[in-house]
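All heavy atoms count here, side chains included; hydrogens, waters and symmetry mates do not. Index from 1, following the sequence.
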Amino acid sequence: MDATIKSQLCNDIANIIKDYKGLNLDSKHVEKWINQFEDNEQEIVLRGTLHLFKNLYIQVSYLIDILHKKTTLE
């Protein structure tokens with residue numbers, strides 16, 4: 001996989017999960033995680049993970065915003 005694509009995918013994933021359990025999950029953490037896979041598997045795993053996170057991961061800031069709006073409407 002092209003290093004630029006790998007870096008971008010790792011950054012995109014890190015930007016989504018950066019607030020997970022108060023941990024500092026940056027692109028270096030994601031890259032360390034993806035390196036456990038064979039080179040020819042990394043892109044599909046990164047793209048699949050990114051797709052799942054974009055559609056299923058709820059960021060803490062988003063949840064707080066929704067809860068705040070709900071409580072101010074009542």
Side-chain angles (χ1 to χ4, degrees):
M1 168 178 23
D2 179 85
T4 303
I5 293 171
K6 181 178 180 179
S7 178
Q8 183 60 53
L9 291 168
C10 288
N11 282 329
D12 291 348
I13 290 170
N15 283 331
I16 293 172
I17 63 169
K18 62 186 171 191
D19 67 347
Y20 181 71
K21 292 189 176 184
L23 301 173
N24 183 21
L25 301 177
D26 58 11
S27 61
K28 289 180 183 177
H29 179 87
V30 176
E31 190 165 343
K32 183 178 178 183
W33 167 77
I34 197 60
N35 284 335
Q36 70 180 312
F37 298 96
E38 297 293 327
D39 289 343
N40 63 338
E41 299 171 334
Q42 291 180 2
E43 186 171 0
I44 190 71
V45 173
L46 284 170
R47 290 189 185 281
T49 301
L50 182 58
H51 175 76
L52 289 172
F53 284 163
K54 280 183 175 181
N55 291 291
L56 300 173
Y57 186 80
I58 300 173
Q59 292 182 323
V60 172
S61 58
Y62 176 76
L63 185 58
I64 289 171
D65 187 46
I66 288 175
L67 293 173
H68 178 69
K69 287 177 183 177
K70 173 107 173 107
T71 58
T72 56
L73 293 175
E74 294 178 355

task: Quick one: which residue pairs count as a salt bridge (charged side-chain N to carboxylate O under 4.0 Å, His left out) with a foot in residues 40-67, not counting sequence neighbours?
output: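 Non-adjacent pairs meeting salt bridge (charged side-chain N to carboxylate O under 4.0 Å, His left out): E43-R47, D65-K69.
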task: Enter the distance from H51:NE2 to I44:CD1 here, rounded to the nearest 0.5 Å.
output: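 The NE2 atom of H51 sits 11.0 Å away from the CD1 atom of I44.
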Spatial distance of atom CG (N15) from atom CG (L25) [nearest 0.5 Å]: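 Spacing of CG (N15) from CG (L25) equals 11.5 Å.
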[atom1]/[X]: more than 12 non-hydrogen atoms of other groups inside 6.0 Å:
| X | atom1 | result |
| --- | --- | --- |
| E38 | CD | no |
| L23 | CG | yes |
| F37 | CZ | yes |

Does [X] belong to the same Ile/Leu/Val/Met/Phe/Trp/Tyr cluster as [Y], with side-chain heavy atoms less than 4.5 Å apart forming each link?
| X | Y | answer |
| --- | --- | --- |
| L63 | F53 | no |
| I58 | L67 | yes |
| L50 | L52 | no |
| I66 | I16 | no |

query: In chain order, what residues pass the side-chain contact (heavy atoms from CB on, under 4.5 Å) check against S27, with sequence neighbours excluded?
result: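 Scan of S27 (side-chain contact (heavy atoms from CB on, under 4.5 Å), adjacent residues dropped) gives C10, N11, A14.
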message: Is it the case that the side chains of Q8 and D12 hold a donor-acceptor pair, with the cut-off being a distance below 3.5 Å and no angle test?
response: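 Yes.
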Would you check if [X] and [Y] make a side-chain contact, meaning some heavy-atom pair closer than 4.5 Å?
| X | Y | answer |
| --- | --- | --- |
| Q42 | N35 | yes |
| D19 | Y62 | no |
| W33 | L46 | yes |
| V45 | I34 | yes |

- prompt: Got a donor-acceptor contact below 3.5 angstrom from the T72 side chain to the H68 backbone?
  reply: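 Indeed, once roles are kept as given, a pair shorter than 3.5 Å links the two residues.
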